Each structure stands twice: as structure tokens, then as C-alpha cells.
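Every value quoted in this text rests on a predicted model; they were computed, and no experiment measured them. In this chain, residues are counted from 1 in sequence order. Each ligand, and each atom within it, is numbered from 1 in the order the structure gives.
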Amino acid sequence: MSSVHTSTFSAGTAKRWLRTGTLALAAALTVATASAVTLTTAPPASALGNGLALTPQMGFNDWNAYGCNVTESLIKSTAQAMHDNGMQAAGYTYVNIDDCWMTHARDSNGRLVPDSAKFPDGISGTADFVHSLGLKLGIYEDAGSATCAGYPGSLGHETTDAQTFASWGVDYLKYDNCNNDGSSARTRYTAMRDALAATGRPILFSLCSWGQESVWTWGADIGNSWRTTGDIQASYSSMLSIFKANVGLAGYAGPGQWNDPDMLEIGNGSMSVTEQQTEFSLWAEMAAPLIAGTNIPQASDTTLGILTNKAVIAVDQDPLGKQGTEVSSAGGHHVLAKPLSGGDVAVALFNETDSTATLSTTAAAIGKSGASSYQLTDLWTGATRTTGDTISASVPAHGTVLYRVSGGTTAR
Ligand code: GLA
């Protein structure tokens, strides 16, 4: 599927979209006549239309670093650390509770019950604290009879659970797919979408059906993002296989509707710093949600330096909302290009192989033309240089050089 959509729609439709705050649309509109306009880029208003995640969501989730050991104090100390260490200022907003936050039984009214040993102030008290810092709170549930860790699921309880989450001040729901009844995920996820909408509270809806049933083909009018694969592990091989599964799905992504290749493993497991920079570069290039999955209060300066690289984050968060695409891929040498608002292009030169190599592309291949030279900014070193038609770099094994390319004109 092409990443470029062209469609014609009425001026009335355009006005409605603009009224709902889809500012990115304004840049994409070319007025053809007084009564019709032509849209020359991916539809910026998400089909879901809840106004959320117009750029990929950024935040934290406890699962990868802590598994089932989530607590209120963990969430609060993480939120405080994000507030103090520059992550919040860099754009990380959502502090997300994963599985294991509740008790094994609903109350007499059928409502979910937070585990009071883990959350003495409940989810509501935790939300109050997170909100007091200017951050938002996320929670986890499941479109089956039980969550993946065996706690009560939301299937058949969607209205009650959505109302409960809204009453607690929840801003984000990650909705998993364990222990389902075999009915279509689309139907089960739609039920929760409608229940969330009925609460009137804006709640970002993150689908976690692991890419099953080709969720990218139907997820856009149901959720703000959808996991495209199984769970990531903190290893280069896991990250690499997820990159390869996600990179071809660019045509389905856009403002409010993102492919989700799972959490960042920056600071976790066996990945080298080079490999962690590769994950961050590729996730940004693919306009992925940036959800840190590490121990934030104890994160090293190196980990925080990667997570808060503002130039790389700006690629991910670019308001044009394009997922980068592979312009070439041979022998483990991947070249990706992501058009940015204002005409720059972010180019990732990713060397999958075990030895240093020179990776090259051209201005024409990344959609640039009309200039005798282009400006390259290396987004990890900050170095800038000028080049003619060739864009190349020596890239270490498993490494990525990420350039912002300026100059000339850009075809999208
Ligand atoms: C699934 C999800 C993970 C995590 C666990 C929790 O495996 O894909 O991201 O939420 O469940 O049990």
C-alpha cells in the first residue's frame, strides 16, 4: 500500500475537520476550487476522531522493566523522575500502569478493584499525583475473560470498566488480547472504543492485539495505535525482527493512528549503546509511539541522553505524521526516508550487519531535488555538512546514522 493518499472531498468536510482541531490538515490542503479541495497527503484527521495522538504518544510503561510488580510508589516515583530529569520537557507525557494492578475479583457492583496493597490510594489517588505534575495516567486491561497475567478481563464489562477508568481520571488505555473467546478482535476492540467514547473523557486507546488479524488494516477507526508484533525483548535480534515486521506498514500510519512496534528497550538487557541508539532512531523514523520501558528513577545518564535526544524526538513527533519508508534494503544495509513538515527529510542509514560499512543513498532517492547541494545534520553528533547528490556515511555494526536533510524541494 502506498504511503501517499490522494482524495477529493468537499469544503464542508474540510471545515469540519479544521473545526475539530486537525491543524496539520491546513498545511496539506490545496484549494482546487471554491467548493472542493484536494488532499495530497495522508488523512491527518484520525478515523477514530478522538483528537488524541496527532503525533505518536510518548511516555513510560512498567511492564518490560518490572513485569507484574507494579505499585503506586513505582508509578509515582517514575512520574516524579520524568518530571525532574528532562523527560517530561522532552515530550514524555503518559505514565502507564501495565498488568497486575487489580485484585482477582470484581466488587459486588461488578467493578474492577485496585489491589490496595499495591495501590493504597487507588488508581484515582495515583492519577491525582501524576496529574499534579502535569503528566497523564495510563492503565491496562484486556479484551478477554482475563488479562495475560490472569486478572479479570473487560470482555462483556466494557461499559462498566470504561466508566470506572474515566471516574478515576485515566487518560490512556492499553487493551490486550489474552484469554479472548475467539470472536473477532475488531468486534471486541470496537466495543471498548464505544464504551470509552461514551464516557466523554478523552482516553487514548492503544490496541495490543500483537498484529493479529492484520490489525493495521482496520485499527485506524478503532484505536490511536496498534501493536504490530508480539512482545519485544531487550535484545538486538528481537528489536531487529520487530523493525522488519513494522517497517513495511507505513501506509497505514498517520496522525491519530500509529503502528506500534512495542516499547523502547533503551537501558534494558543486552543491547549495546549503539544498538539502543539504533532502536531510538528506527522507532523515530517509523513514527512509532515512544514508550520507555526501563527503570526511570535509576536510569543512567547514557539512557536518559538517548531518550531525551530532542533532534531525534522531533523526527518522531513531526506534525506531518508520515512513517518513514525503506528506499533501499540490500545485504542488511537499510536506507529509510521520512518526509518532515517544512520540506526536510529524515534519513536513517541502518547497518544491520556485524561489520562496519559505508551506506549510501542519493538526494533523488529520498525525494529531494532542485539544488546542487544539500545540508546534512547528524542527529546523534549534531555535526553538519554539505553534500552534493550522494548521502552516505560509515556506519558501525548494528548502528544507525540519522540525518536531517535540508535544501532543494521535496516530493512526498
Ligand atoms: C502481553 C502484552 C505485554 C504486557 C503483558 C502483560 O504480553 O503484549 O505488553 O502487557 O501482556 O501481561
Side-chain angles (χ1 to χ4, degrees), residues 53 56-71 74-75 78 92 94-104 112 114-115 118-119 123 126 137-155 157 161 165 170-182 185 188-189 192 203-216 219 222-235 238-239 241-243 245-246 249 258-269 271 279 283 286 288-296:
Q57 65 264 33
M58 296 176 63
F60 161 84
N61 174 294
D62 65 80
W63 181 256
N64 285 13
Y66 304 94
C68 219
N69 297 315
V70 68
T71 63
L74 164 60
I75 295 300
T78 300
Y92 294 86
Y94 293 99
V95 188
N96 294 348
I97 299 166
D98 208 276
D99 206 348
C100 308
W101 57 268
M102 58 182 123
T103 59
H104 282 285
L112 296 166
D115 184 331
K118 295 176 178 173
F119 287 86
I123 302 302
T126 307
L137 187 78
I139 207 161
Y140 165 99
E141 246 296 359
D142 186 283
S145 59
T147 71
C148 295
Y151 294 87
S154 285
L155 186 61
H157 303 268
D161 292 353
F165 297 148
V170 165
D171 306 297
Y172 183 122
L173 175 63
K174 172 179 172 179
Y175 204 42
D176 215 336
N177 199 32
C178 278
N179 303 302
N180 68 66
D181 60 2
R188 289 179 288 109
Y189 281 80
M192 182 54 89
I203 298 178
L204 192 155
F205 194 26
S206 159
L207 315 185
C208 180
S209 58
W210 321 304
Q212 290 183 356
E213 300 176 40
S214 300
V215 58
W216 45 86
I222 298 176
N224 295 108
S225 63
W226 47 85
R227 282 270 301 278
T228 54
T229 69
D231 291 3
I232 196 169
Q233 308 296 322
S235 69
S238 170
M239 186 271 292
S241 70
I242 287 181
F243 160 71
N246 196 73
L249 303 175
W258 308 106
N259 292 307
D260 177 4
D262 206 1
M263 285 173 261
L264 299 168
E265 294 283 19
I266 315 300
N268 291 349
M271 286 207 292
E279 186 187 11
W283 265 229
M286 296 191 296
L290 299 180
I291 305 294
T294 197
N295 179 330
I296 298 298

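- Counting heavy atoms from C-beta outward, K118 and C100 have side chains that approach closer than 4.5 Å.
- In summary, the side chains of Q212 and N177 do present a donor paired with an acceptor at a separation below 3.5 Å, with no hydrogens or angles considered.
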Open item on the list: Show, in sequence, the C-alpha distance, side-chain angles and deciding distance for D98 and N61, and conclude whether the side chain to side chain donor-acceptor pair (under 3.5 Å) test is met.
Closed with: CA-CA 6 Å; D98 208 276; N61 174 294; 2.8 Å; yes

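- Aromatic ring centroids of Y175 and Y189 lie under 6.0 Å apart.
- When only non-hydrogen protein atoms are considered, atom 12 (O) of ligand 1 lies nearest to D99 OD2, 2.8 Å.
- For ligand 1, the atoms closer than 4.0 angstrom to any heavy atom of C148 are 1 (C), 11 (O), 12 (O).
- Of the candidates D62, D176, N61, the one placing a heavy atom closest to atom 2 (C) of ligand 1 is D176.
- Only the side chain of C208 comes within 4.0 Å of ligand 1, judged by heavy-atom distances.
- Remark: minimum distance from atom 5 (C) of ligand 1 to any protein heavy atom is reached at W63 CE2, 3.6 Å.
- Counting only heavy atoms from C-beta outward, the side chains of W283 and M239 approach each other to under 4.5 Å.
- Taking a cut-off of under 4.0 Å to the non-hydrogen atoms of R227, the atoms of ligand 1 that pass are 8 (O), 9 (O).
- In summary, the atoms of ligand 1 found under 4.0 Å from a heavy atom of Y140, numbered by their order in the structure, are 6 (C), 10 (O), 11 (O), 12 (O).
- Closest to atom 10 (O) of ligand 1 among all protein heavy atoms lies D98 OD1, 2.7 Å.
- Nearest protein neighbour of atom 9 (O) of ligand 1, counting heavy atoms only, is K174 NZ, 2.7 Å.
- Checked against W101 for a side chain to side chain contact (heavy atoms under 4.5 Å, CB included), the options I123, D115, D62 give a single hit: I123.
- When each of F165, Y140, Y94, F60 is tested with Y172 by the rule ring-ring contact (aromatic ring centres under 6.0 Å, His included), just one qualifies, namely Y94.
- Looking only at protein heavy atoms, the nearest one to atom 3 (C) of ligand 1 is D231 OD2, 3.4 Å.
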